[in-house]
2 protein chains.
Amino acid sequence: MQTVRKDIHNSELPILCQSCEARHQGICGAMTSEQLLAISKHTRRVRREPGQEILADAMPIASYANVLKGVVKLTKVLEDGRQQVVGLQFAPDLLGRPFASESRVTAETASDVELCMIPKTALEALMSAGGPVEHRIMMQALRELDEARDWMVTLGRKTAAEKVASFLYLLATHIDPTEETALATFDLPLSRADIADFLGLTIETVSRQLTKLKAEKVIEIANYRHVSINDLTQLRLRCG
Amino acid sequence: MQTVRKDIHNSELPILCQSCEARHQGICGAMTSEQLLAISKHTRRVRREPGQEILADAMPIASYANVLKGVVKLTKVLEDGRQQVVGLQFAPDLLGRPFASESRVTAETASDVELCMIPKTALEALMSAGGPVEHRIMMQALRELDEARDWMVTLGRKTAAEKVASFLYLLATHIDPTEETALATFDLPLSRADIADFLGLTIETVSRQLTKLKAEKVIEIANYRHVSINDLTQLRLRCG
DNA sequence: CGCCGCTTTGATCTGGCTCAATCCGTGTGG
DNA sequence: CCACACGGATTGAGCCAGATCAAAGCGGCG
């Protein structure tokens, strides 16, 4: 699956960075080999199980983190406990709010996740240089803004059936960072409760809509988690 | 109302920029007087009535624009015509998607609006320098991302009553760029239809919730447009 | 095997939508 | 100056998509 890509500078690169997805599309792709070598002395690769908190809302951020594998959900809660997932981060997204002392969201692992932790000071030193690294981070922020606004349409104006279809379509097109086209089969990285919180629905409604898509042969689900998309065009059509 | 603020460099500044809000909090605040003088030769101050399109979705962007006065709504539509307002821009926000050839949203004036049009090439030249101007634009993008995610909670998890209260609270705290505290009285810059599209509700529901807030003495409305907030704490409490 | 947590399925309820009538402020023409 | 028409806003009645409440089903793990 994960093969080491050709890179003319591989010989000068830290071993761990050589096969790293972030080296290509992620922010590390904007660094010179010298910068990469320097920062790699401070980074730390970690693995997290589902349901672990990475950043807490309104808490100081000690580290940024590159998502290397798996899915991280960004959530917000109301005082009374109502929750909304406000974004999903896939490899090779950078986690952490640049230029803010505290996070504005809670970031939690949804699936098994691999992260590359980057100390706040180390990354901010690279950013303040104001070169290609800051630019790459800005591009990610702008992309996230576009995605957030797309999702606002889903939350505000789509039916439950359209919401669930949109969610499956989003996963199919985002879950594999190396793949350009939509994936026909994958494991759901989110529980029904997480999906409900992402779509602004209840668990029961999500379940019923999935059952409906299954009954209509658009998708198949095995073991509650493993999804196969039989008809991607049909799915796209149902996104509203 | 609008007074000329003290600025030690005023004498070197273009006349039009001297009393301009964007000179202070907006992107122009990040420019040197030389840059400001240079770019001011290309900018053009325009006035627009409500309901005018400034940027069209999926269309090339000819110009960026600084909002100097009034409110601009950013909208997206589904094929079947369902519409969602995905953001409101107040002075001194910059309008236009940086580093994209086309807009991802439609921008339309909601109220009477004053804009400072900046040709695409002129602003992008300043940005590619990568200095404080790009940084200031990045800060705006990050703030807009925070706001979009806050609004996702409103769209996905709040009741109609909470949505309307949140909308009024948002206006009270954003409509006047010079004022730090919330405004107790202002004119609604959006029609009931626009408000409904912002909140993911229908016109009728918005109207009923406003009537309810009026009946409960939290607000007053004159002429359908002029709002007075009697009890800001009460309003805040009703935001969920 | 038996418990536990997640998911599905069923029955009922309700907040917000739909459809329809009316109101009201504004602009227009007589 | 008034009569009238028009577009946005309000109000009312009834309905339905999705929420809520409740009861199984199922898979994984000790």
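Residue numbers start from 1 in every chain, and the chains themselves are labelled A, B, ... in the order their sequence lines are given, proteins ahead of strands.
- Going from atom CD of A:Glu162 over to atom P of D:dG18 covers 9 Å, rounded to whole Å.
- Atom C1' of nucleotide C:dC17 and atom CZ of B:Arg82 are separated by 13 Å, given to the nearest angstrom.
- In this structure, B:Leu199 places its CG atom 12 Å from P of C:dG16, rounding to the nearest Å.
- Side-chain atoms of B:Arg208 come within donor-acceptor range of the base of D:dG12, with a qualifying N/O pair under 3.5 Å.
- D:dA19 atom P lies 10 Å from atom CD of A:Gln209, rounded to whole Å.
- For B:Thr202, the listed nucleotide lying nearest its side chain is C:dC17; candidates were D:dA22, C:dC17, D:dA19.
- B:Arg225 has its CZ atom 11 Å from the C1' atom of D:dA9, to the nearest Å.
- Counting only heavy atoms from C-beta on, A:Thr211 has its side chain closest to C:dT8 among D:dC21, D:dT10, C:dT8.
- Two residues, A:Glu204 and B:Val206, neighbour DNA chain D, and the one matched to the more 5' nucleotide by heavy-atom proximity is B:Val206.
- Salt-bridge annotation for B:Arg208 and B:Glu204: absent, with no side-chain N of the basic residue lying under 4.0 Å from a carboxylate O of the acidic one.
- B:Asp112 and B:Lys69 are not joined by a salt bridge, as no carboxylate oxygen comes within less than 4.0 angstrom of a charged side-chain nitrogen.
- With respect to B:Arg157 and A:Asp80, no salt bridge is recorded, no charged nitrogen being found less than 4.0 Å from a carboxylate O.
- Distances from the side chain of A:Thr205 to the nucleotides D:dA19, C:dG16, D:dT20 place D:dA19 closest.
- Between B:Asp57 and B:Lys76 there is no salt bridge, since no side-chain N of the basic residue sits under 4.0 Å from a carboxylate O of the acidic one.
- A straight line from NZ of B:Lys158 to P of C:dG15 spans 19 Å, rounded to a whole angstrom.
- Closest contact between the side chain of A:Ala160 and the listed nucleotides C:dT7, C:dC17, D:dG18 involves D:dG18.
- When rounded to the nearest whole Å, the span between CZ of B:Arg192 and P of D:dT11 equals 10 Å.
- With C:dT9, C:dC17, D:dA9 as the choices, the nucleotide that has an atom nearest any side-chain atom of B:Leu201 turns out to be C:dC17.
- Taking the nucleotide of DNA chain C with the nearest heavy atom to each of A:Ala193 and A:Arg157, the more 5' of the two is matched to A:Ala193.
- The listed nucleotides are C:dC24, D:dG12, C:dT8; the one nearest the side chain of A:Ile203 is C:dT8.
- Distance, B:Leu210 CG to D:dT11 P: 10 Å, rounded to whole Å.
- If you take CZ on B:Arg97 and CZ on A:Arg149, they are separated by 9.5 Å, rounding to the nearest 0.5 Å.
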